[in-house]
Amino acid sequence: MNAEDILGYARRTGMFWSAAEIYGGSAGIYDYGHTGATLKRNFESLWLSYFVERNQNYFLIDGSTLLPEKPLIASGHAERFNDILIGCKKCKSYYRADMLLSELGIEIHEGAAPSEVDETVRSNSLRCPKCNGEFGPSRAFNMMIDVSLGPEKSDRGYLRPETAQSAFLNFYREFNSLRQKLPLGLAIIGRAYRNEISPRQGLYRLRELIQAELQIFFDEKNWEPDISDYAGDEMSVVTYPKGQQERVKAKDLLELGYPGFYVYHMALIHRFYVDVLGIPEEKFRFYEKGGDDKAFYNKVHMDIELDIQSWGGFKEVGGLHYRGDYDLSSHSRGSSKSFKVKSGGREFYPNVLELSFGVDRNIWAQIDILYSNEGRQVLSLKPYMAPYAAAVFPLQHDEAIEKEAESIFSGISGKFRSFMDFSGSIGKRYARMDEIGTPFCITVDYETVDNSSDNYGTVTVRSRDSREQKRVRVSDLERFLSDALKPEF
RNA sequence: GCAGGUGUAGUGUAGUCUGGUCUAGCACGAGAGCCUUCCAAGCUUUCAACCCGGGUUCGAAUCCCGGCACCUGCACCA
């Protein structure tokens, strides 16, 4: 399926669509509908229980999406997001002023204003390297979305460009509140904002996006998660600078020199995608970034990539970044407070390992990879991911059957997200549930309500993928569902 | 932001070049009813669209202008 097909599917089935679409919408801003919002929530809770809640040292926090200017100056975002763009009047090519000038061997101080860039261009009589055309006036382009605060709108703030900053800003308080133990993991699931120039391809490049991030603060010299269970796990990795995709075992990565804690989390992430979400092995890989592609503060930087047909191949859906002590040291400088910690007779800035996931991209990826419209239309989500856990159908229009169906629905609907439908043929109702990935359809038939039948008090439960049915006692339904919906980890 | 393309019911489309027969067709879909003892069946019936604004014309889905949005490429993507 291409991106258009997925958007059509998503609109039709209540997954997501352009925000404010009745006014024509706006690129890079999406709303989730009744199925999409639940799918997203399921992904978030699964992520939370898998990566965060299973570890006694990791905790969920929440942070404001609106931040004052200062922390974002300290983090480097204000400066680095403030590129100056300069465009050729003739061929309309745009350049980043700092890159253009340094290529031409002209020095200009960092943070130069557009007027200074224009003056430099004028005094050096610079022209477009492509067509020798004249440059128009340069202008600042800020990837962050700024807001003005206060009655005079005099205080500048920004919508946070990544959730990570909220974790760094709150490290000090949480570290003390949690009695100064390392490692300490702070997880945030929330929204972030970037003024992307050209948001496209559905949920790939968004101006408002949802991130699920876990920032783990640790002592670089003293963190060795037990990797023995994972040593033999084999996964696809493109290492830098080799640039070739290979199958590598976790223990081999250790020998290649990647830190143990890094490899441990690679294996954890790999299992999350393949075992827990059901992504086929060959559609998952790590892609190591180096050189200019790597953020300067990262010591090791791997993108988590999935092979997504509608996006034309392997695309980034998350990242595993060893950020060193960049974050706490820069906020120490920025705030004039020390975030060094004392441990083992040493005083140091905790290092940070960041697990970062784009929630929207992961939702799209699951639809892309797990939806099939060849023959039957089925979304093969893991049962615990599906927007509805179960649907309850009366086989036919019949008073006793419908009454029993309603009673079953009210019995399970508070515990499992459930759906009920009385209309149309049974096959059509099954098909509708297949399309949005409902793993189980519970059908009340004549035997259910016939006390002379051997099957009295039982219903048929149809599995989405096999279409097979088995009879389950109504009184066992709750246990059946809770077993079947248990996440696989 | 630049260039090109596109914009018709919930979805996918026909019609646009060559203005009228378009009271906008089709398929899927959705609703109501009938039928039906398990996989999008059938029958009856209903619902629903020309992106927005202006202009030309006796007459505009169709031509022109402006806007908005989307798609593709370029540039951008700490």
Side-chain angles (χ1 to χ4, degrees), chain A residues 2-5 7-14 17-29 33 72 75-83 85-96 98-100 130 136 139 141-144 161-162 164-165 192 194-202 204-207 209 289 292-298 301 312 316 321 326 373 375-378 393-398 401 421-435 441-450 453 455 459-464 466-469 471:
Chain A
N2 60 35
E4 287 292 294
D5 296 334
L7 286 167
Y9 165 84
R11 278 192 290 266
R12 198 174 66 241
T13 55
W17 47 82
S18 272
E21 70 164 351
I22 62 170
Y23 289 97
S26 175
I29 314 177
L72 293 162
S75 69
H77 284 91
E79 181 189 304
R80 291 186 177 278
F81 270 54
N82 247 327
D83 291 331
L85 291 183
I86 183 162
C88 168
K89 281 189 193 167
K90 193 173 151 200
C91 71
K92 308 288 185 192
S93 299
Y94 276 84
Y95 305 90
R96 266 175 57 181
D98 56 338
M99 289 170 79
L100 179 73
K130 270 191 199 156
R139 60 199 167 80
F141 179 76
N142 197 325
M143 278 284 292
M144 287 197 293
E162 57 178 15
Q165 290 308 319
R194 299 176 185 185
N195 197 12
E196 296 286 354
I197 295 176
S198 182
R200 267 177 212 179
Q201 293 191 290
Y204 189 69
R205 194 168 300 286
L206 295 171
R207 291 203 167 119
L209 56 136
K289 293 290 178 71
D292 290 342
D293 289 336
K294 178 169 77 82
F296 68 94
Y297 47 75
N298 278 338
H301 175 152
E316 176 190 3
H321 307 144
Y326 174 78
N373 58 3
R376 213 155 60 100
Q377 297 174 8
V378 190
F393 297 144
L395 180 61
Q396 273 169 7
H397 187 67
D398 175 279
I401 289 177
D421 191 356
F422 283 30
S423 71
S425 71
I426 191 75
K428 190 154 214 162
R429 284 177 273 164
Y430 288 152
R432 276 195 284 247
M433 289 298 104
D434 287 344
E435 193 178 24
C441 290
I442 296 163
T443 302
V444 179
D445 61 14
Y446 288 93
E447 295 178 67
T448 310
V449 294
D450 175 3
S453 164
N455 287 325
V459 288
T460 62
V461 178
R462 169 189 181 271
S463 292
R464 176 195 65 205
S466 66
R467 304 202 296 170
E468 279 166 10
Q469 293 181 309
R471 294 206 81 97

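In the text below, chain A, chain B and the rest are named by the order of the sequence lines, each starting its count at 1.
Remark: the separation of the C1' atoms in U21(B) and G10(B) is 30 Å, to the nearest Å. Remark: the separation of the C1' atoms in A48(B) and U13(B) is 15 Å, to the nearest Å. When the C1' atom is compared between C58(B) and C70(B), the two are found 36 Å apart, to the nearest whole Å. To the nearest whole angstrom, the two P atoms, one in G7(B) and one in C52(B), are 14 Å apart. With both ends at atom P, the span from A30(B) to C68(B) equals 37 Å, rounded to whole Å.
For Gln396(A) and U36(B), the shortest distance from a side-chain N or O to OP1 or OP2 is not below 4.0 Å. Using a 4.0 Å cut-off, no side-chain N or O of Lys294(A) falls inside it from OP1 or OP2 of A78(B). Dashed line: the shortest gap from a side-chain N or O of Lys428(A) to OP1 or OP2 of G29(B) is under 4.0 Å. OP1 or OP2 of A41(B) has at least one side-chain nitrogen or oxygen of Ser425(A) nearer than 4.0 Å. An OP1 or OP2 oxygen of G10(B) is reached within less than 4.0 angstrom by no side-chain nitrogen or oxygen of Arg12(A).
Looking at Tyr446(A) and Gln396(A), their side chains do bring a donor and an acceptor atom within 3.5 Å of each other.
Within the 4.0 angstrom heavy-atom criterion, base atoms lie near Tyr297(A). Using a 4.0 Å heavy-atom criterion, one finds that Ala27(A) contacts the sugar-phosphate atoms exclusively. Base engagement by Arg205(A) is indicated by at least one non-hydrogen atom pair under 4.0 Å involving a base atom. As judged by a 4.0 angstrom heavy-atom cut-off over every strand, Gln201(A) is placed among residues touching the sugar-phosphate backbone only.
If you check distances only, the side chain of Arg462(A) does reach the base of C39(B) with a donor-acceptor pair under 3.5 Å. Side-chain to base pairing of Gln469(A) with C38(B): one donor and one acceptor N or O lie within less than 3.5 Å of each other.
Residues Arg471(A) and Arg11(A) each lie close to RNA chain B; by heavy-atom proximity, the contact nearer the 5' end of the strand is made by Arg11(A). Each of Tyr446(A) and Ser18(A) was matched to the nucleotide of RNA chain B holding its nearest heavy atom; the match closer to the 5' end belongs to Tyr446(A).
Inter-residue side-chain proximity for Gln377(A) and Tyr9(A) is flagged as unmet; no heavy-atom pair is nearer than 4.5 Å. For the pair Arg205(A) and Arg194(A), the minimum side-chain heavy-atom distance is 4.5 Å or more. Proximity of Gln165(A) to His77(A): side-chain heavy atoms (C-beta onward) are separated by under 4.5 Å at one or more points.
In the set A40(B), C38(B), C71(B), the nucleotide with an atom closest to the side chain of Ala431(A) is A40(B). Of the candidate nucleotides U72(B), C70(B), C39(B), C70(B) has the atom nearest to the side chain of Glu4(A).
Looking at Arg429(A), its side chain does come within 3.5 Å of a backbone N or O of Asp421(A) through a donor-acceptor pair.
The base-pairing partner of U56(B), taking Watson-Crick or G-U wobble contacts with both distances under 3.5 Å, does not exist among the strands shown. Of the nucleotides present, G12(B) is the one that pairs with C26(B) by Watson-Crick or G-U wobble criteria, both distances under 3.5 Å. Base pairing analysis places C43(B) opposite G33(B); the two distances defining the Watson-Crick or G-U wobble pair are each below 3.5 Å.
Nucleotide C38(B) holds its C1' atom 6 Å from the CD1 atom of Ile426(A), rounded to whole Å.
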